[in-house]
Asks: 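The structure follows.
All values below were derived from every heavy atom in this structure, side-chain atoms included, with hydrogens, water molecules and symmetry-related copies excluded. Worth saying up front: this structure is predicted, and the values here are computed from it rather than measured.
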Amino acid sequence: MTKATAYLIPFLGFFALLLIWDILARFSGWSRQVFPGPVVVLVSMGELLADGTLVKHTVASLFRVTVGFYLAALLGIPIGIALGMMKTARSLINPLIQFMRPISPLAWIPLAMLWFGIGDPPAIFLIFLSSFFPLVVSTTIAVDGINQTYFYVAANFNFSRYETIMRVVVPAITPEVVTALRMTVTISWLVVVAAEMIAVQSGLGFLILDSRNALRMDYVMDGMIVIGLVGLALDALMRQLGSLEAASWRSKAH
(Lines give C-alpha, C1' and ligand atoms only; values in the text may rest on other atoms or scores of the structure.)
Protein backbone atom coordinates (compact mmCIF):
# COMPACT_ATOMS: atom_id res chain seq x y z
CA MET A 1 0.00 0.00 0.00
CA THR A 2 1.43 3.38 -1.00
CA LYS A 3 1.55 6.31 1.39
CA ALA A 4 -0.99 8.22 -0.70
CA THR A 5 -3.41 5.29 -0.53
CA ALA A 6 -2.93 4.98 3.21
CA TYR A 7 -3.98 8.62 3.64
CA LEU A 8 -6.85 8.33 1.16
CA ILE A 9 -8.64 5.32 2.66
CA PRO A 10 -9.72 7.07 5.91
CA PHE A 11 -11.14 9.97 3.88
CA LEU A 12 -13.12 7.49 1.77
CA GLY A 13 -14.68 6.19 4.98
CA PHE A 14 -15.72 9.71 6.00
CA PHE A 15 -17.04 10.38 2.51
CA ALA A 16 -19.18 7.23 2.67
CA LEU A 17 -20.52 8.32 6.06
CA LEU A 18 -21.44 11.75 4.70
CA LEU A 19 -23.16 10.17 1.70
CA ILE A 20 -25.24 7.85 3.88
CA TRP A 21 -26.07 10.75 6.21
CA ASP A 22 -27.23 12.90 3.29
CA ILE A 23 -29.37 10.10 1.83
CA LEU A 24 -31.02 9.44 5.18
CA ALA A 25 -31.70 13.16 5.72
CA ARG A 26 -33.35 13.44 2.31
CA PHE A 27 -35.44 10.26 2.26
CA SER A 28 -36.02 9.25 5.90
CA GLY A 29 -39.16 11.39 6.16
CA TRP A 30 -37.84 13.32 9.18
CA SER A 31 -37.90 17.10 9.08
CA ARG A 32 -34.74 19.19 8.96
CA GLN A 33 -35.37 20.23 12.56
CA VAL A 34 -35.29 16.60 13.71
CA PHE A 35 -32.59 15.20 11.42
CA PRO A 36 -30.66 17.93 9.58
CA GLY A 37 -28.48 16.97 6.64
CA PRO A 38 -24.75 17.62 6.34
CA VAL A 39 -25.20 20.85 4.36
CA VAL A 40 -27.49 22.32 7.03
CA VAL A 41 -25.09 21.27 9.77
CA LEU A 42 -22.12 22.73 7.89
CA VAL A 43 -23.89 26.07 7.46
CA SER A 44 -24.82 26.20 11.14
CA MET A 45 -21.25 25.35 12.08
CA GLY A 46 -20.16 28.39 10.10
CA GLU A 47 -22.59 30.47 12.16
CA LEU A 48 -21.19 29.13 15.43
CA LEU A 49 -17.65 29.76 14.27
CA ALA A 50 -18.46 33.27 13.06
CA ASP A 51 -19.86 34.41 16.40
CA GLY A 52 -17.15 32.60 18.41
CA THR A 53 -19.55 30.31 20.24
CA LEU A 54 -18.00 27.07 19.02
CA VAL A 55 -14.45 28.18 19.76
CA LYS A 56 -15.41 29.38 23.25
CA HIS A 57 -17.04 26.08 24.22
CA THR A 58 -14.27 23.97 22.68
CA VAL A 59 -11.58 25.90 24.55
CA ALA A 60 -13.52 25.50 27.81
CA SER A 61 -13.74 21.72 27.35
CA LEU A 62 -10.07 21.42 26.39
CA PHE A 63 -9.03 23.46 29.42
CA ARG A 64 -10.87 21.13 31.80
CA VAL A 65 -9.50 18.01 30.13
CA THR A 66 -5.97 19.36 30.15
CA VAL A 67 -5.99 20.29 33.84
CA GLY A 68 -7.70 17.10 35.03
CA PHE A 69 -5.63 14.82 32.80
CA TYR A 70 -2.31 16.40 33.74
CA LEU A 71 -3.15 16.21 37.43
CA ALA A 72 -4.00 12.53 37.05
CA ALA A 73 -0.77 11.82 35.15
CA LEU A 74 1.43 13.79 37.56
CA LEU A 75 0.01 11.88 40.53
CA GLY A 76 -0.99 8.54 39.04
CA ILE A 77 2.24 7.60 37.27
CA PRO A 78 4.58 8.22 40.26
CA ILE A 79 2.18 6.38 42.56
CA GLY A 80 2.06 3.48 40.10
CA ILE A 81 5.87 3.36 40.00
CA ALA A 82 6.02 3.35 43.79
CA LEU A 83 3.44 0.58 44.09
CA GLY A 84 5.20 -1.46 41.41
CA MET A 85 8.51 -1.30 43.26
CA MET A 86 7.21 -1.70 46.82
CA LYS A 87 5.25 -4.90 47.15
CA THR A 88 4.24 -4.26 50.78
CA ALA A 89 2.69 -0.91 49.90
CA ARG A 90 0.98 -2.51 46.90
CA SER A 91 -0.57 -5.19 49.10
CA LEU A 92 -1.92 -2.47 51.37
CA ILE A 93 -3.19 0.03 48.80
CA ASN A 94 -4.09 -2.11 45.77
CA PRO A 95 -7.37 -3.46 47.25
CA LEU A 96 -8.52 0.12 47.85
CA ILE A 97 -7.64 1.11 44.28
CA GLN A 98 -9.44 -1.92 42.87
CA PHE A 99 -12.48 -0.99 44.97
CA MET A 100 -12.53 2.60 43.73
CA ARG A 101 -11.59 1.97 40.09
CA PRO A 102 -14.88 0.39 38.88
CA ILE A 103 -16.97 3.27 40.21
CA SER A 104 -17.99 5.37 37.23
CA PRO A 105 -16.78 8.98 37.38
CA LEU A 106 -20.34 10.01 36.51
CA ALA A 107 -21.53 8.45 39.77
CA TRP A 108 -19.46 11.11 41.54
CA ILE A 109 -21.38 13.99 39.90
CA PRO A 110 -23.78 14.64 42.84
CA LEU A 111 -20.91 14.68 45.33
CA ALA A 112 -18.70 16.75 43.03
CA MET A 113 -21.43 19.39 42.67
CA LEU A 114 -22.00 19.40 46.43
CA TRP A 115 -18.29 19.71 47.22
CA PHE A 116 -17.18 22.08 44.45
CA GLY A 117 -20.38 23.79 43.30
CA ILE A 118 -20.99 24.71 39.66
CA GLY A 119 -18.11 25.51 37.32
CA ASP A 120 -14.73 24.12 36.38
CA PRO A 121 -13.72 22.38 39.65
CA PRO A 122 -16.35 19.57 39.59
CA ALA A 123 -15.65 18.80 35.93
CA ILE A 124 -11.89 18.76 36.52
CA PHE A 125 -12.40 16.50 39.53
CA LEU A 126 -14.42 14.03 37.45
CA ILE A 127 -11.80 14.03 34.69
CA PHE A 128 -9.09 13.46 37.27
CA LEU A 129 -10.94 10.44 38.66
CA SER A 130 -11.53 8.99 35.20
CA SER A 131 -7.78 9.03 34.43
CA PHE A 132 -6.12 8.56 37.81
CA PHE A 133 -7.02 4.98 38.64
CA PRO A 134 -6.37 3.51 35.15
CA LEU A 135 -2.97 5.22 35.09
CA VAL A 136 -2.05 3.93 38.55
CA VAL A 137 -3.03 0.37 37.66
CA SER A 138 -1.36 0.39 34.24
CA THR A 139 1.87 1.85 35.61
CA THR A 140 1.96 -0.61 38.50
CA ILE A 141 1.55 -3.56 36.13
CA ALA A 142 4.22 -2.17 33.80
CA VAL A 143 6.76 -1.79 36.62
CA ASP A 144 5.96 -5.23 37.98
CA GLY A 145 6.60 -6.71 34.52
CA ILE A 146 10.15 -5.33 34.15
CA ASN A 147 12.77 -8.06 33.76
CA GLN A 148 14.55 -8.43 37.09
CA THR A 149 17.88 -8.69 35.29
CA TYR A 150 17.79 -4.94 34.72
CA PHE A 151 17.57 -4.34 38.46
CA TYR A 152 20.47 -6.73 39.10
CA VAL A 153 22.57 -4.79 36.60
CA ALA A 154 21.59 -1.52 38.26
CA ALA A 155 22.63 -2.93 41.63
CA ASN A 156 26.00 -4.03 40.20
CA PHE A 157 26.60 -0.44 39.08
CA ASN A 158 25.57 0.82 42.53
CA PHE A 159 22.67 2.87 41.17
CA SER A 160 20.78 4.85 43.77
CA ARG A 161 17.01 4.46 44.00
CA TYR A 162 16.57 7.66 41.98
CA GLU A 163 19.01 6.49 39.29
CA THR A 164 17.28 3.11 39.09
CA ILE A 165 13.93 4.78 38.56
CA MET A 166 15.16 7.30 35.98
CA ARG A 167 17.57 5.07 34.04
CA VAL A 168 15.83 1.68 34.29
CA VAL A 169 12.18 1.92 35.34
CA VAL A 170 11.03 4.99 33.40
CA PRO A 171 12.50 3.94 30.02
CA ALA A 172 11.25 0.38 30.48
CA ILE A 173 7.64 1.31 31.23
CA THR A 174 7.33 4.14 28.69
CA PRO A 175 5.59 2.06 25.96
CA GLU A 176 2.94 0.79 28.39
CA VAL A 177 2.47 4.20 29.99
CA VAL A 178 2.07 5.87 26.58
CA THR A 179 -0.62 3.31 25.72
CA ALA A 180 -2.35 3.99 29.03
CA LEU A 181 -2.18 7.75 28.44
CA ARG A 182 -3.68 7.29 24.99
CA MET A 183 -6.59 5.35 26.43
CA THR A 184 -7.22 7.59 29.41
CA VAL A 185 -7.18 10.86 27.47
CA THR A 186 -10.03 9.47 25.37
CA ILE A 187 -11.91 8.52 28.53
CA SER A 188 -11.28 12.03 29.91
CA TRP A 189 -12.74 13.58 26.77
CA LEU A 190 -15.85 11.43 27.12
CA VAL A 191 -16.27 12.30 30.78
CA VAL A 192 -15.90 16.05 30.33
CA VAL A 193 -18.70 16.14 27.77
CA ALA A 194 -21.00 14.25 30.14
CA ALA A 195 -20.01 16.41 33.11
CA GLU A 196 -20.63 19.61 31.16
CA MET A 197 -24.22 18.58 30.60
CA ILE A 198 -24.80 18.77 34.34
CA ALA A 199 -22.19 20.64 36.34
CA VAL A 200 -21.07 23.62 34.24
CA GLN A 201 -22.43 26.43 32.06
CA SER A 202 -19.94 26.18 29.20
CA GLY A 203 -18.17 23.58 27.07
CA LEU A 204 -19.25 21.30 24.25
CA GLY A 205 -21.44 19.19 26.51
CA PHE A 206 -23.29 22.30 27.66
CA LEU A 207 -23.59 23.47 24.03
CA ILE A 208 -25.21 20.17 23.05
CA LEU A 209 -27.63 20.21 25.97
CA ASP A 210 -28.53 23.87 25.48
CA SER A 211 -29.04 23.35 21.75
CA ARG A 212 -31.27 20.35 22.40
CA ASN A 213 -33.42 22.44 24.72
CA ALA A 214 -33.68 25.06 21.97
CA LEU A 215 -34.55 22.33 19.42
CA ARG A 216 -31.47 23.18 17.34
CA MET A 217 -30.43 19.70 16.29
CA ASP A 218 -28.00 21.18 13.77
CA TYR A 219 -26.08 22.79 16.64
CA VAL A 220 -26.23 19.49 18.52
CA MET A 221 -24.60 17.75 15.56
CA ASP A 222 -22.03 20.53 15.28
CA GLY A 223 -21.01 19.85 18.86
CA MET A 224 -20.83 16.12 18.18
CA ILE A 225 -18.65 16.68 15.12
CA VAL A 226 -16.23 18.88 17.05
CA ILE A 227 -16.07 16.30 19.84
CA GLY A 228 -15.10 13.67 17.28
CA LEU A 229 -12.50 15.90 15.60
CA VAL A 230 -10.89 16.86 18.91
CA GLY A 231 -10.88 13.18 19.90
CA LEU A 232 -8.98 12.37 16.70
CA ALA A 233 -6.50 15.17 17.42
CA LEU A 234 -5.92 13.99 20.99
CA ASP A 235 -5.38 10.43 19.84
CA ALA A 236 -2.89 11.60 17.19
CA LEU A 237 -1.02 13.58 19.85
CA MET A 238 -0.79 10.56 22.13
CA ARG A 239 0.45 8.40 19.25
CA GLN A 240 3.27 10.88 18.70
CA LEU A 241 4.42 10.15 22.24
CA GLY A 242 4.89 6.53 21.17
CA SER A 243 7.59 7.61 18.75
CA LEU A 244 9.79 8.96 21.52
CA GLU A 245 13.24 7.45 21.64
CA ALA A 246 12.59 6.22 25.17
CA ALA A 247 9.57 4.26 24.01
CA SER A 248 11.78 1.90 22.01
CA TRP A 249 14.28 1.37 24.88
CA ARG A 250 12.97 -2.00 25.91
CA SER A 251 12.81 -3.39 22.37
CA LYS A 252 16.42 -2.37 21.81
CA ALA A 253 17.45 -3.94 25.09
CA HIS A 254 16.17 -7.38 24.07
Side-chain angles (χ1 to χ4, degrees), residues 62-108 124-192 231-254:
L62 285 172
F63 168 76
R64 294 173 187 126
V65 169
T66 300
V67 175
F69 182 71
Y70 271 94
L71 286 175
L74 290 174
L75 290 175
I77 294 174
I79 290 174
I81 291 174
L83 294 179
M85 297 184 67
M86 297 184 292
K87 289 183 169 48
T88 301
R90 186 168 69 212
S91 299
L92 177 65
I93 298 175
N94 188 59
L96 178 61
I97 292 176
Q98 296 303 327
F99 170 77
M100 299 287 288
R101 186 167 65 96
I103 301 175
S104 169
L106 301 183
W108 290 85
I124 292 171
F125 173 71
L126 295 172
I127 294 162
F128 170 81
L129 287 179
S130 70
S131 301
F132 176 75
F133 293 112
L135 284 175
V136 170
V137 172
S138 299
T139 305
T140 302
I141 294 172
V143 174
D144 192 51
I146 298 175
N147 192 322
Q148 291 298 311
T149 302
Y150 301 142
F151 293 107
Y152 298 149
V153 173
N156 287 337
F157 282 99
N158 294 318
F159 280 9
S160 65
R161 177 61 66 90
Y162 176 80
E163 289 176 319
T164 300
I165 292 174
M166 297 307 298
R167 300 177 65 178
V168 177
V169 174
V170 171
I173 67 173
T174 297
E176 287 84 353
V177 171
V178 168
T179 301
L181 288 170
R182 185 179 174 186
M183 294 170 57
T184 51
V185 75
T186 303
I187 296 172
S188 298
W189 189 236
L190 291 172
V191 169
V192 72
L232 283 175
L234 292 175
D235 184 67
L237 180 62
M238 290 296 107
R239 274 184 314 190
Q240 289 301 313
L241 290 178
S243 64
L244 292 173
E245 182 69 19
S248 60
W249 178 87
R250 188 183 293 192
S251 62
K252 291 180 181 179
H254 283 298

Asks: Measure the CG-CG distance between L135 and L74 for me, rounded to the nearest 0.5 Å.
Replies: 10.5 Å

Asks: Please examine the side chains of V192 and L126, heavy atoms only from C-beta on, and report whether any two atoms are closer than 4.5 Å.
Replies: no

Asks: In Å, rounded to the nearest 0.5 Å, how long is the span from CG of N147 to OH of Y152?
Replies: 9.0 Å

Asks: Do you know the tightest heavy-atom contact between T140 and R90?
Replies: CG2-CD, 3.5 Å

Asks: S130 and V191: which non-hydrogen atoms are nearest, and at how many Å?
Replies: CB-CG2, 3.7 Å

Asks: So do W189 and L62 actually touch side chain to side chain, heavy atoms under 4.5 Å?
Replies: yes

Asks: To check you understand the geometry: which heavy-atom pair defines the closest contact between L129 and F133, and what is its length?
Replies: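 That closest heavy-atom pairing would be O-CD1, 3.8 Å.
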
Asks: Should I173 and I146 count as side-chain neighbours, where that means a heavy-atom distance under 4.5 Å?
Replies: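 A side-chain contact exists here, since the closest heavy-atom pair is under 4.5 Å.
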
Asks: Just wondering, do Q98 and V137 contact through their side chains at under 4.5 Å, heavy atoms?
Replies: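 Of all side-chain heavy-atom pairs linking Q98 with V137, at least one is under 4.5 Å.
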
Asks: Decide yes or no on side chain to side chain contact (heavy atoms under 4.5 Å, CB included) for I79 and F132, but give the supporting numbers first.
Replies: CA-CA 10 Å; I79 290 174; F132 176 75; 3.8 Å; yes

Asks: Determine the minimum heavy-atom distance between S91 and P95, stating which atoms define it.
Replies: O-CD, 3.3 Å

Asks: Taking everything shown except M183 itself, do over 12 heavy atoms lie less than 6.0 Å from its CE?
Replies: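 Atom CE in M183 is not crowded, with 12 or fewer foreign heavy atoms closer than 6.0 Å.
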
Asks: Show the numbers, then the answer: is there a side chain to side chain contact (heavy atoms under 4.5 Å, CB included) between I141 and E176?
Replies: CA-CA 9 Å; I141 294 172; E176 287 84 353; over 6 Å; no

Asks: Nearest 0.5 angstrom please: R182 CZ to D235 CG, how far?
Replies: 4.0 Å

Asks: Out of curiosity, R101 CZ to N94 CG, how far, rounded to the nearest 0.5 Å?
Replies: 8.5 Å

Asks: Mind running side chain to side chain contact (heavy atoms under 4.5 Å, CB included) on L234 and T186 for me, showing each step along the way?
Replies: CA-CA 8 Å; L234 292 175; T186 303; over 6 Å; no

Asks: So how far is it from F63 CZ to I124 CD1, rounded to the nearest 0.5 Å?
Replies: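 One finds 5.0 Å between CZ of F63 and CD1 of I124.
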
Asks: Would you name the heavy atoms of L75 and P78 that are closest together and state the gap between them?
Replies: O-CD, 3.5 Å

Asks: Between S131 and P134, what is the shortest heavy-atom contact and its length?
Replies: O-CD, 3.4 Å

Asks: Mind checking what makes side chain to side chain contact (heavy atoms under 4.5 Å, CB included) contact with I77, not counting sequence neighbours?
Replies: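 With sequence neighbours excluded, I77 shows a side chain to side chain contact (heavy atoms under 4.5 Å, CB included) to A73, I81, T139, V177, L181, given in chain and number order.
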
Asks: Nearest 0.5 Å, what's the CE-OG1 distance between M85 and T164?
Replies: 6.0 Å

Asks: Identify, with sequence neighbours excluded, every residue that meets ring-ring contact (aromatic ring centres under 6.0 Å, His included) alongside F69.
Replies: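 With neighbours one apart ignored, the set is empty.
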
